[in-house]
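Okay, structure first, notes after.
The shown structure was predicted, so the numbers you read here are calculated from the model rather than taken from an experiment. Residue numbers count from 1 along this sequence.
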Amino acid sequence: MLDPELLERITARRAELDELEEQLAKQLIKVRAERDELAVAEKVLERMSEQIAEERAVFAPVPGQVGGRAVMVIPHRAANMEETMLPPDYQRILSVVRQAAGPVKARQVGEVLGVDVGVKSKLEPLRGKLIRLADRGWLRKQPDGRFTTRL
């Protein structure tokens with residue numbers, strides 16, 4: 001004959017295990033759903049990263065040929081474009097204009113960059129770069145010939 005107290009303990013333990021199994025099943029459903037969401041997020045992130053890389057490749061400065069020499073083409077500014085896509089000397093020019101208290105002339109930029117501003121042939125290439133940056137939307141050229149960063 002089976003002990004009624006022992007049967008009661010077995011029944012109580014079975015009820016505890018059934019409840020635990022139900023909780024674990026619910027938890028497993030949540031874990032699987034979150035894992036599926038992460039997989040989707042990962043795919044979206046990969047796709048977006050590829051699109052950004054393609055866009056950057058399209059807007060990346062491309063070396064051109066002038067007089068048999070390789071020169072860097074300055075891209076037109078776009079909303080998703082960063083200054084790091086510009087050659088280093090153009091990045092320095094932008095930095096100087098940005099740090100100025102207001103609009104600056106080519107001579108002022110040259111002084112900060114260490115260009116011999118007393119020699120016109122040294123200053124004109126810098127002025128050309130400033131104008132190129134303005135033409136491509138990186139800077140704004142004012143009517144008086146001074147330059148400022150675009151707002």
Side-chain angles (χ1 to χ4, degrees), residues 12-151:
R13 182 64 181 150
R14 182 173 282 146
E16 287 174 12
L17 291 174
D18 288 346
E19 186 178 322
L20 181 59
E21 181 182 28
E22 187 178 326
Q23 290 172 359
L24 290 173
K26 287 178 183 176
Q27 191 174 5
L28 182 60
I29 290 170
K30 288 179 182 178
V31 167
R32 286 180 177 161
E34 185 175 349
R35 191 174 348 140
D36 291 344
E37 289 172 356
L38 289 174
V40 170
E42 188 175 30
K43 287 179 184 177
V44 170
L45 182 60
E46 286 175 8
R47 190 175 328 121
M48 289 177 66
S49 296
E50 289 170 5
Q51 288 174 349
I52 289 170
E54 288 172 11
E55 289 172 3
R56 285 187 176 157
V58 168
F59 291 116
V62 180
Q65 291 284 325
V66 174
R69 285 188 12 208
V71 294
M72 186 60 72
V73 177
I74 306 305
H76 287 274
R77 186 173 190 186
N80 58 350
M81 223 177 194
E82 296 185 22
E83 291 177 17
T84 55
M85 300 179 112
L86 294 172
D89 53 335
Y90 284 84
Q91 291 179 35
R92 285 191 297 276
I93 292 168
L94 278 175
S95 176
V96 170
V97 174
R98 187 180 309 103
Q99 291 172 6
V104 291
K105 291 188 172 273
R107 175 177 297 279
Q108 294 168 289
V109 175
E111 288 170 351
V112 174
L113 292 175
V115 173
D116 186 357
V117 296
V119 180
K120 191 172 183 175
S121 64
K122 302 274 186 182
L123 191 56
E124 285 310 307
L126 174 61
R127 187 182 322 280
K129 289 179 180 180
L130 284 160
I131 290 170
R132 197 168 300 115
L133 285 169
D135 289 345
R136 303 290 192 324
W138 294 94
L139 292 177
R140 196 174 112 232
K141 183 178 179 187
Q142 297 185 334
D144 64 359
R146 294 183 303 162
F147 295 89
T148 185
T149 53
R150 279 198 165 274
L151 301 175

Nearest-0.5 Å distance that lies between atom CG in Leu86 and atom CG in Leu133:
6.5 Å

Distance from Phe147 atom CZ to Leu139 atom CG, nearest 0.5 Å?
7.5 Å

From Arg92 atom CZ to Leu94 atom CG, the distance as rounded to the nearest 0.5 Å:
11.5 Å

Please list, chain by chain and in numerical order, all residues satisfying side chain to side chain contact (heavy atoms under 4.5 Å, CB included) with Gln23, sequence neighbours excluded.
Glu19, Leu20

Considering residues at least two apart in sequence or located in another chain, which fulfil the side-chain hydrogen bond (donor to acceptor under 3.5 Å, both in side chains) criterion with Glu37?
none

Report the residues that fulfil side-chain hydrogen bond (donor to acceptor under 3.5 Å, both in side chains) with Glu124, sequence neighbours left out, ordered by chain and then residue number.
Arg127

Across all chains, not counting sequence neighbours, the salt bridge (charged side-chain N to carboxylate O under 4.0 Å, His left out) partners of Glu22 are Lys26

Given side-chain contact (heavy atoms from CB on, under 4.5 Å), test Val40 with Asp36 step by step and report yes or no.
CA-CA 6 Å; Val40 170; Asp36 291 344; 5.7 Å; no

Only counting residues at least two apart or in another chain, list the ones meeting side-chain hydrogen bond (donor to acceptor under 3.5 Å, both in side chains) with Arg35.
none

Main-chain N/O of Gln91 paired to Ser95 side chain as donor or acceptor, under 3.5 Å:
no

Less than 3.5 Å apart, which donor and acceptor atoms pair up between the side chains of residues 111-122 and the rest of the protein, not counting sequence neighbours?
residue : atom : partner : partner atom : Å
Asp116  : OD1  : Gly118  : N            : 3.4

List in chain and number order the residues that pass side chain to side chain contact (heavy atoms under 4.5 Å, CB included) with Val104, two or more places apart in sequence or in another chain; answer none if no residue qualifies.
Val97, Ala100, Gln108, Val109

Side chain to side chain contact (heavy atoms under 4.5 Å, CB included) partners of Arg13, counting only residues at least two apart
Glu16, Leu17

Tell me, which pairs form a salt bridge (Lys or Arg N to Asp or Glu O under 4.0 Å) where one or both residues lie in residues 40-49, sequence neighbours left out?
none

Residues two or more places apart in sequence or in another chain: which of them pass side chain to side chain contact (heavy atoms under 4.5 Å, CB included) with Asp18?
Arg14, Glu21

Any residue meeting salt bridge (charged side-chain N to carboxylate O under 4.0 Å, His left out) with Lys129, in chain and number order, not counting sequence neighbours
Asp89

Taking only residues two or more places apart in sequence or in another chain, which ones pass side-chain hydrogen bond (donor to acceptor under 3.5 Å, both in side chains) with Asp144?
Arg146

